Amino acid sequence: MKTDIEIAQEAQMLDIRKVAEKIGATEDDIEMYGKHMAKVSDEYINRLASEKDGKLILVTAINPTPAGEGKTTITLGLNDAMRKLGKNSVVAMREPSLGPCFGIKGGAAGGGYAQAVPMDKLNLHFTGDFHAITSANNLMCAMLDNHLLQGNTLRIDPNRIVAKRCLDMNDRALRNIVVGMGKRLDGVVREDHFCITVATEVMAILCLAENLEDLKARLSRIIVAYNYDNEPVTAGDLKCVGAMTVLLKDAIRPNLIQSLEGNPVFVHGGPFANIAHGCNSVRATKVALKAADYVVTEAGFGADLGAEKFLDIKCRMAGLKPDAVVLVATARALKYNGGVPKDELSNENVEALKKGIVNLGKHIENLQKYNVPVVVTINKFVSDTEAEVEAIREFVQDKGCRFAVSDVWGQGGQGGLDLAKEVFEAVEEGSPEFRFLYDDELSLTEKIEKVATEIYGADGVDYTAEAMNAIKRAESLGFGKMPVCMAKTQYSLSDDQKLLGRPTGYRINIREAYVSAGAGFLVAIAGAIMTMPGLPKSPAAERIDVYEDGTIVGLF
């Protein structure tokens with residue numbers, strides 16, 4: 001079998017202008033980045049405003065193995081299958097971060113014969129959106145440190161600065177640093193921190209902003225520090241919002257590329273779901289809903305993270321509701337949750353699968369709390385056996401859910417026809433009244449505890465004194481009605497990645513909390529999760545290279 005990048009490099013891609021025609025866009029409606037990538041114009045978005053919305057299909061997953069289990073692959077393959085059935089559908093997905101590309105997980109362009117292309121460009125610099133976000137964030141931090149040096153008229157307490165610099169790379173050495181060392185004009189000496197670009201509030205804001213005006217308003221509300229009177233100091237106070245917006249003026253426009261089968265794919269924004277809110281941009285989702293009858297979108301990592309945030313944060317803020325949810329599982333991940341080591345996941349083990357399938361059961365129950373139709377699909381691997389697939393089918397059908405096996409990795413859209421038919425039927429049947437997990441009126445701790453007990457299955461929540469003080473301060477400043485964005489390991493329903501399956505008898509530990517005032521939510525950090533990841537012992541970067549003719553190897 002060819003590698004993902006070999007398949008992608010052999011693809012006969014359509015000119016992006018031909019892809020744009022499939023969403024009713026002319027050459028004047030797009031700004032081309034070469035032959036195969038483009039950004040859509042504000043004029044195109046505005047022209048579609050009066051169109052009726054299509055149906056929204058969310059793709060999520062169970063807790064994955066460390067290598068990921070193909071949620072993006074299913075997203076792209078399902079859309080290709082829907083197109084094969086004659087449906088007007090498009091994809092709206094996130095942009096990949098460089099961190100995983102050079103780390104352990106790899107990129108986020110799908111896999112096999114269900115990919116978004118050009119895959120190498122998508123996974124690397126793409127149209128520069130992440131660079132713009134990194135620059136805007138770091139401009140804000142530079143303005144803050146300059147303000148400290150130039151007299152500090154805002155009376156910022158250097159010990160209470162909360163804004164972090166960022167880099168779109170896994171670099172644990174930058175988590176905690178000291179800046180301003182050297183001579184007096186080199187800055188004020190203080191402790192500083194970095195996070196990965198996808199965890200920044202600027203990324204979250206870009207993905208939640210409706211337009212340029214909303215983007216500016218949200219950026220101005222970012223809390224960068226607190227002054228000596230314990231009052232918040234914002235990016236607006238630093239007078240850097242106009243310059244930040246200039247850096248983001250192109251990045252706010254959704255990108256258009258294509259699948260291996262030449263079908264339209266909107267790609268825009270990319271917050272991680274384990275340390276941020278995990279969804280592509282509201283703008284891309286909304287323009288996709290106007291441009292097509294069906295939109296297949298995804299939310300990062302497992303349903304305990306990405307889907308919960310899609311439903312409780314993105315849908316709440318943007319006025320969206322899904323018409324169906326596709327829950328992706330693999331026999332490999334179920335065996336992993338049943339205690340099978342990573343190097344033995346290709347071996348048949350029905351007993352371990354049945355032990356780990358409780359993880360799938362919990363995710364089904366969680367999604368049903370939102371009153372949405374659930375379709376479970378198995379992302380088929382070559383090593384899957386008939387006995388394993390049948391065990392999963394029986395379990396899912398006993399839960400009252402639709403079920404389909406997908407082989408889009410090996411067959412592209414053709415391998416997703418069964419899934420597409422199940423999704424169509426679920427959408428056409430309609431759904432009960434969609435509901436959120438919690439109401440706005442609950443306190444922040446009540447919201448955190450609602451997610452922890454109902455979604456994760458914890459017995460309760462413990463807070464450090466620092467986290468509880470931060471939550472109380474947030475409520476005293478008027479942020480109590482915000483939704484909560486939980487930062488937690490993706491490998492377990494709990495905050496301990498070693499607790500697999502469906503753990504019970506544990507408590508969630510909130511060690512830190514802070515307000516993302518511009519994004520509009522409170523971030524609660526559980527367990528040992530870090531907002532700046534580190535590289536593994538043997539990072540993928542060791543195996544990536546480029547030949548003289550420009551051919552990239554080892555990206556997957």
Side-chain angles (χ1 to χ4, degrees), residues 2-11 13 16 19 31-39 67-68 72-73 75-76 91 93-112 114-138 166-171 195-200 202-203 206-207 247-248 250-251 253-260 265-272 276 280-281 284 298 300 532-536 538-556:
K2 297 174 182 177
T3 64
D4 290 349
I5 195 166
E6 288 172 339
I7 293 170
Q9 287 169 341
E10 292 175 359
M13 288 182 280
I16 195 63
V19 179
E31 180 179 349
M32 297 174 63
Y33 284 64
K35 294 181 180 179
H36 304 120
M37 307 187 302
K39 280 186 172 290
T72 306
T73 302
T75 299
L76 291 159
V91 167
M93 56 182 268
R94 295 175 299 160
E95 299 177 46
S97 163
L98 292 177
C101 286
F102 296 110
I104 187 172
K105 188 175 181 290
Q115 295 189 54
V117 286
M119 181 266 262
D120 52 354
K121 288 182 171 63
L122 172 59
N123 277 311
L124 298 174
H125 300 289
F126 198 31
T127 58
D129 292 347
F130 282 21
H131 298 310
I133 292 166
T134 301
S135 297
N137 181 88
N138 291 345
C166 70
L167 185 71
D168 189 36
M169 193 65 64
N170 293 359
D171 193 347
C195 63
I196 193 167
T197 298
V198 291
T200 62
V202 177
M203 172 66 81
L206 185 92
C207 290
L247 288 170
L248 296 170
D250 293 324
R253 292 158 53 206
N255 308 291
L256 179 68
I257 54 173
Q258 63 191 284
S259 71
L260 284 174
V265 178
F266 289 101
V267 189
H268 197 217
F272 283 173
N280 72 282
S281 77
E298 65 168 0
M532 170 54 87
L535 291 170
S538 178
E542 295 178 347
R543 299 174 288 280
I544 295 173
D545 204 350
V546 60
Y547 294 152
E548 187 67 28
D549 65 358
T551 300
I552 295 172
V553 295
L555 192 57
F556 287 84

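Position 1 is the first residue of the sequence, and the numbers go up from there. Note that the structure is predicted; figures quoted are calculated from it, not measured.
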Can you see which heavy atom on [X] is nearest to which on [Y], and at what distance?
| X | Y | answer |
| --- | --- | --- |
| I552 | I5 | O-CD1, 3.5 Å |
| M32 | K35 | CE-CA, 4.2 Å |
| N280 | R94 | N-CG, 3.4 Å |
| L167 | M532 | O-CE, 4.1 Å |
| A38 | I16 | CB-CG1, 3.9 Å |
| T197 | C166 | OG1-SG, 3.7 Å |

Does the side chain of [X] reach to within under 4.5 Å of the side chain of [Y], using non-hydrogen atoms?
| X | Y | result |
| --- | --- | --- |
| L98 | F130 | no |
| H36 | V117 | no |
| V19 | M13 | no |

- request: Could you please spell out the steps behind the side-chain contact (heavy atoms from CB on, under 4.5 Å) verdict for F272 and I196?
  value: CA-CA 10 Å; F272 283 173; I196 193 167; 4.2 Å; yes
- request: Could you walk me through whether L555 and L124 pass side-chain contact (heavy atoms from CB on, under 4.5 Å), step by step?
  value: CA-CA 10 Å; L555 192 57; L124 298 174; 4.3 Å; yes
field: Modelled atom types, side-chain donor and acceptor of T200 and N137, under 3.5 Å
entry: no
Interatomic distance, [X] atom [atom1] to [Y] atom [atom2] [nearest 0.5 angstrom]:
| X | Y | atom1 | atom2 | answer |
| --- | --- | --- | --- | --- |
| E542 | I544 | CD | CD1 | 10.0 Å |
| H268 | R253 | NE2 | CZ | 9.5 Å |
| L122 | M93 | CG | CE | 5.5 Å |
| D168 | C195 | CG | SG | 10.5 Å |
| M203 | S97 | CE | OG | 7.5 Å |
| N255 | F266 | CG | CZ | 10.0 Å |

message: I133 vs L248, test: side-chain contact (heavy atoms from CB on, under 4.5 Å). Steps then yes/no.
response: CA-CA 7 Å; I133 292 166; L248 296 170; 3.9 Å; yes
query: After noting the C-alpha distance and the side-chain angles of D129 and K39, does the key distance pass the side-chain contact (heavy atoms from CB on, under 4.5 Å) rule?
result: CA-CA 11 Å; D129 292 347; K39 280 186 172 290; 2.9 Å; yes
